[in-house]
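Nothing here was measured: the structure is a model prediction, and the numbers come from that model.
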Amino acid sequence: MKPIIYQVFTRLFGNRNTTCKQDGTLTENGCGKFNDFDEKTLRRIRNLGATHIWFTGVIRHASTTDYTKYGIPCQHAQVVKGKAGSPYAITDYYDVDPDLAVDVEHRMDEWVALIERTHKAGMKVIMDFVPNHVAREYHSVCKPKQVRDLGEFDDTGKHFSPQNNFYYCWGKPLDLSNIPLQTSAGEEGDLFASHYEENPAKATGNDQFSNRPERNDWYETVKLNYGVDYCDAGGRSEHFNPIPDTWQKMTDILLFWAKKGIDGFRCDMAEMVPAAFWIWATDKVKFVYPEMLFIGEVYNPAEYRNYIAAGFDYLYDKVGMYDCVRSIINGGRPAGDITYQWQHTDDIRKHMLYFLENHDEQRIASSFFAGDAVKGLPGLIISALLQANPFMLYAGQEFGEAGMDQEGFSGRDGRTTIFDYWSVDTIRRGYYDRRRLSDYEKQLESAYQFILNLANSEKAFSEGDFFDLMYVNQHIADRQYAFMRQADDENILVIVNFDGEDALIDLNIPQHAIDYFGIEKKTYTIVDLFSGTSIEAEVLGEHAIKVEIPAYGARIFKMKL
């Protein structure tokens, strides 16, 4: 089965509070809960075509909301981004976000129950693992008794030691003078006049080893030490023998969550952690849980093969297929460039995760991207049907969510906030008040549902062979793209149109493709999968066929050999 991963930002997804006050607190703006993913909601996600759900932001992270009555430490507002905080500034690897629970004291039970409900709905569960950095005030209150906390026994007098969990700035205090002081925070809106103190300063999460991070640094996080000395006088040096303490602690965390019944980890900024650690950790996890998936956020194509060899099942194809398809949608590149992208990773194609949206990227419908979600449909068809590798979409994408709110810490930037308490209008209506969906949104959702289900209902797409037709169709390579897929005795031809006008094209089917797929020269019944209509036609190599393709659409023809 071809994995179709549906990413949800858990805090936002089920929130039906329509207040949406800029920079609002939890009490003012509300928050989605684990329990909002009931059987009906999960069934709708499954019917969309999803095989996996990535629940983003589950592990407890830094927030300005006060949960001290539950034994959860407060976080200083100066080192929290937004009221709700970044889900990638982890404060306790062994806990879940209390915002997501109806009953805070039983928050872990609610998470485990959601895992079980998701499995019963026929989908697998992906959760975040954030290995590179933690919140500045990281302190686990839920760790097992035998676990020593990160940094608990560090030698803070050294910049680097292989057995330290953090990097230190030689006794210098943290200087946040470049960071604007948050004016208010917490449920009561208290004024924070005090500055956060940290002495000695720990290195910042984005490999900033100064004690004075800039406002665009990941200043709310600190870098974890995997035995790499980034500031060695001779250059970067690795100290992996004996095994660094951080390796064991982080592998134990992976095993802790695996035991809860999840099916995979989406590993944040995986390439900022040495591949040697991943070899060690994935081997230990997969020895106990052989089906466990590891999805890596890796942006450097030169490192793709190293991280796949280190145990990753899938890697983001961001600096490649995503950037290419986005540019084609916006008219910046010819559609024929898709050929180069798949060829560049052809030897590892089953490991490349395609997507058009996630929490880091701008929404297709935003004015920063295409301005209209319909313009993204050709890219959806390419990303979901081109190869047998997985595809990921972000909740709300199927309704044309524009991400153009100005939520608070997250400004109006075409992205859906990960820092603020908020409610996403399209998701709220699409899952909890469908009578308020527009015809446009319903039609867009229907198109997504058709394509995503086609990716697995047709074996040619989920497992079949691939043939790129563009080398004999350069005359259409600016705004159209064509390819064939085949499995067993079924062949499917796909022609995609990225243009805003209907296109009437002459499509060449080369003799090489006829021979490759073993297609006999005879009359076949050809079914248009979009309309369900069929025609009788003879397939002959080296002869062009006329095909009309709708604007921002495609023709998908299936024939049984």
Side-chain angles (χ1 to χ4, degrees), residues 1-14 32 34 36-37 41-42 45-46 48-61 87-88 90 93 96-97 100 108 110-132 250 253-270 278 281-282 285-286 288-298 307-308 311-318 350-361 383-384 389-398 418 452 455-456:
M1 179 175 284
K2 177 187 180 81
I4 304 294
I5 302 171
Y6 189 74
Q7 181 191 4
V8 298
F9 197 78
T10 318
R11 179 203 301 154
L12 303 180
F13 186 92
F34 291 132
D36 290 318
F37 294 91
T41 301
L42 291 169
I45 295 171
R46 181 68 188 93
L48 183 65
T51 61
H52 298 64
I53 304 183
W54 166 18
F55 292 100
T56 306
V58 169
I59 300 179
R60 182 160 68 80
H61 56 269
Y88 298 104
I90 301 298
Y93 277 119
V96 297
D97 182 4
L100 304 177
M108 187 65 77
E110 291 185 24
W111 168 233
V112 172
L114 175 54
I115 295 171
E116 294 171 353
R117 284 198 304 278
T118 305
H119 287 161
K120 287 179 181 178
M123 293 175 288
K124 296 184 177 181
V125 173
I126 307 294
M127 71 178 294
D128 287 294
F129 175 60
V130 187
N132 177 66
M250 299 305 281
I253 290 163
L254 287 166
L255 289 167
F256 171 84
W257 290 110
K259 192 174 181 179
K260 300 293 182 185
I262 68 159
D263 304 286
F265 295 98
R266 179 269 185 189
C267 301
D268 183 70
M269 297 308 299
W278 292 115
T282 58
V285 174
K286 291 188 177 189
V288 184
Y289 304 96
E291 301 302 316
M292 186 65 64
L293 289 176
F294 282 85
I295 302 170
E297 186 183 21
V298 177
Y307 281 83
I308 290 168
F312 279 94
D313 299 278
Y314 307 124
L315 301 179
Y316 277 33
D317 198 350
K318 196 278 182 191
K350 69 179 181 179
H351 297 286
M352 304 315 298
L353 174 64
Y354 291 168
F355 59 90
L356 291 174
E357 287 188 4
N358 62 41
H359 68 277
D360 285 319
E361 307 301 338
S383 301
N389 55 305
F391 172 72
M392 179 174 71
L393 70 157
Y394 192 24
Q397 181 178 338
E398 70 273 32
I418 65 169
L452 296 179
N456 272 312

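Considering all non-hydrogen atoms of both residues, Met292 and Gly264 come closest at SD-N, 3.4 Å. Annotation for Gly57 and Asp97: closest pair O-CB, 4.0 Å, computed over non-hydrogen atoms. Here the closest heavy-atom approach between residue Tyr6 and residue Gly396 is recorded as OH-N, 4.0 Å. Contact between Ala384 and Leu452 at its shortest, heavy atoms only, is CB-CD2, 4.4 Å. The nearest pair of heavy atoms linking Pro87 to Val130 is O-CG2, 4.3 Å. Contact record, Met1 with Asn456: CG-OD1, 3.3 Å, taken as the closest heavy-atom pair.
Taken to the nearest 0.5 Å, the OG1 atom of Thr56 stands 10.5 Å off from the CE atom of Met127. To the nearest 0.5 Å, atom NE2 of residue His61 and atom CG of residue Asp128 are 10.5 Å apart. Summarising the geometry, atom NZ belonging to Lys120 is positioned 11.5 Å from atom CG belonging to Leu42; distances are rounded to the nearest 0.5 Å. Rounded to the nearest 0.5 angstrom, Ile53 CD1 and Leu114 CG are separated by 7.5 Å. Leu12 CG to Ile418 CD1: the interatomic distance, rounded to the nearest 0.5 Å, is 10.0 Å. Atom CD1 of residue Ile45 and atom OG1 of residue Thr118 lie 8.0 Å apart, to the nearest 0.5 angstrom.
For the pairing with Asp313, the side-chain hydrogen bond (donor to acceptor under 3.5 Å, both in side chains) check across His351, Lys286, Lys350 returns one residue only, Lys286.
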Side chain to side chain donor-acceptor pair (under 3.5 Å) between Asn132 and Tyr88: does it pass, once the steps are laid out?
CA-CA 10 Å; Asn132 177 66; Tyr88 298 104; over 6 Å; no
Side chain to side chain contact (heavy atoms under 4.5 Å, CB included) for Asp360 and Glu297? Distances and angles first, verdict last.
CA-CA 11 Å; Asp360 285 319; Glu297 186 183 21; 3.3 Å; yes
Assess whether side chain to side chain contact (heavy atoms under 4.5 Å, CB included) is satisfied between Leu293 and Asp263, documenting all intermediate values.
CA-CA 6 Å; Leu293 289 176; Asp263 304 286; 5.9 Å; no
Pair Glu357, Leu393 - check side chain to side chain contact (heavy atoms under 4.5 Å, CB included), show working.
CA-CA 6 Å; Glu357 287 188 4; Leu393 70 157; over 6 Å; no
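Under the rule for a ring pair (Phe, Tyr, Trp, His ring centres under 6.0 Å), the partners of Phe265 that lie at least two apart in sequence or sit in another chain are Phe294. Residues meeting the ring pair (Phe, Tyr, Trp, His ring centres under 6.0 Å) test with Phe391, sequence neighbours left out: none. Considering only residues two or more places apart in sequence or on other chains, Phe9 meets the ring pair (Phe, Tyr, Trp, His ring centres under 6.0 Å) condition with none of them. For the side-chain contact (heavy atoms from CB on, under 4.5 Å) test, residues two or more places apart in sequence or in another chain that qualify with Pro390 are Pro3, Tyr314, Leu353. Residues passing the ring pair (Phe, Tyr, Trp, His ring centres under 6.0 Å) test with Phe34 are Trp111, sequence neighbours excluded. Evaluation of the side-chain hydrogen bond (donor to acceptor under 3.5 Å, both in side chains) rule for Lys318 yields Asp323 as partners, not counting sequence neighbours.
Between Phe312 and Tyr307, the two ring planes are tilted [angle within 30° to 60°].
Of the possible donor and acceptor atoms, none in the side chain of Lys124 sits under 3.5 Å from a partner among the backbone N and O of His119. Checking side-chain atoms of Asn389 against main-chain N and O of Met352 turns up a donor-acceptor pair under 3.5 Å. In this structure a side-chain-to-backbone donor-acceptor pair under 3.5 Å is missing from Arg46 to Met123.
Under the 4.5 Å side-chain criterion, counting only non-hydrogen atoms from C-beta, Gln397 is not in contact with Gln7. Taking 4.5 Å as the limit, some side-chain heavy atom of Phe55 sits within range of a side-chain heavy atom of Val125. Arg266 has its side chain within reach of Tyr316: a pair of non-hydrogen atoms, C-beta onward, lies under 4.5 Å apart. A heavy-atom distance below 4.5 Å is not found between the side chains of Leu254 and Thr282. In this structure, Asp36 and Thr41 have side chains that are not in contact, with every pair of non-hydrogen atoms separated by 4.5 Å or more. Side chains of Phe129 and Ile59 form no contact here, defined as non-hydrogen atoms less than 4.5 Å apart.
Between Tyr394 and Phe355, the ring center distance fails the sub-6.0 Å criterion.
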